[in-house]
Amino acid sequence: MEFLTIVIIGVILLVVGVFGVGILIKLGKVALSILLHMVLGWVILFIWNILPFFKIPINILTMLVAGFGGIIGVGVLILAKGLGLY
């Protein structure tokens, strides 16, 4: 009876472990995608400020918008600065 219990617990742990690893891999892909967008947004913001056009001030707000918005966030910052919203 004890051997059967150990085998059943082992199989349950194996199934839960496989599903757990699958979930962690999916979360890792999402986290890597978010990190990539953040880095691209910051790089584009810095490159934009090197160009001779109008400058976007680098402060906590613009870094957050560029980081979480990525390329689209930097586009929104450029558009807002071009329209004179800040």
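- Cluster membership check: Val30 does not share its hydrophobic cluster with Leu24, using side-chain heavy-atom separations under 4.5 Å among Ile, Leu, Val, Met, Phe, Trp and Tyr.
- To the nearest 0.5 Å, atoms CG (Leu32) and NE2 (His37) are separated by 10.0 Å.
- Counting only heavy atoms from C-beta outward, the side chains of Ile58 and Met63 approach each other to under 4.5 Å.
- Taken from CG in Leu64 to CH2 in Trp42, the straight-line distance is 8.5 Å, to the nearest 0.5 Å.
- Counted within 6.0 Å of CZ on Phe54, heavy atoms from surrounding residues, nucleotides or ligands total more than 12; the atom is thus considered enclosed.
- The hydrophobic clustering, which links ILVMFWY residues whose side-chain heavy atoms are closer than 4.5 Å, places Val65 and Leu85 apart.
- Side chain of Asn49 to main chain of Ile56: a donor-acceptor pair is present (N/O by atom type, distance under 3.5 Å, no hydrogens or angles).
- Side-chain heavy atoms closer than 4.5 Å link hydrophobic residues (I, L, V, M, F, W, Y) into clusters, and following such links, even through other members, never connects Leu35 to Leu27.
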Which atom pairs, one a donor and one an acceptor, fall under 3.5 Å between side chains of residues 74-83 and the rest of the protein, sequence neighbours left out?
none

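- Shown here is Ile72, whose CD1 atom has no more than 12 heavy atoms of other residues, nucleotides or ligands within 6.0 Å.
- Grouping the Ile, Leu, Val, Met, Phe, Trp and Tyr side chains by contacts below 4.5 angstrom, directly or via other members, places Val39 with Ile47.
- A continuous path of hydrophobic side-chain contacts links Trp48 to Ile71 [ILVMFWY only; heavy atoms under 4.5 Å].
- For the atom pair CD1 of Ile9 and CG of Leu4, the computed distance is 10.0 Å after rounding to the nearest 0.5 Å.
- Taking each heavy atom of Thr62 and Pro57 in turn, the nearest pair found is OG1-O, 2.9 Å.
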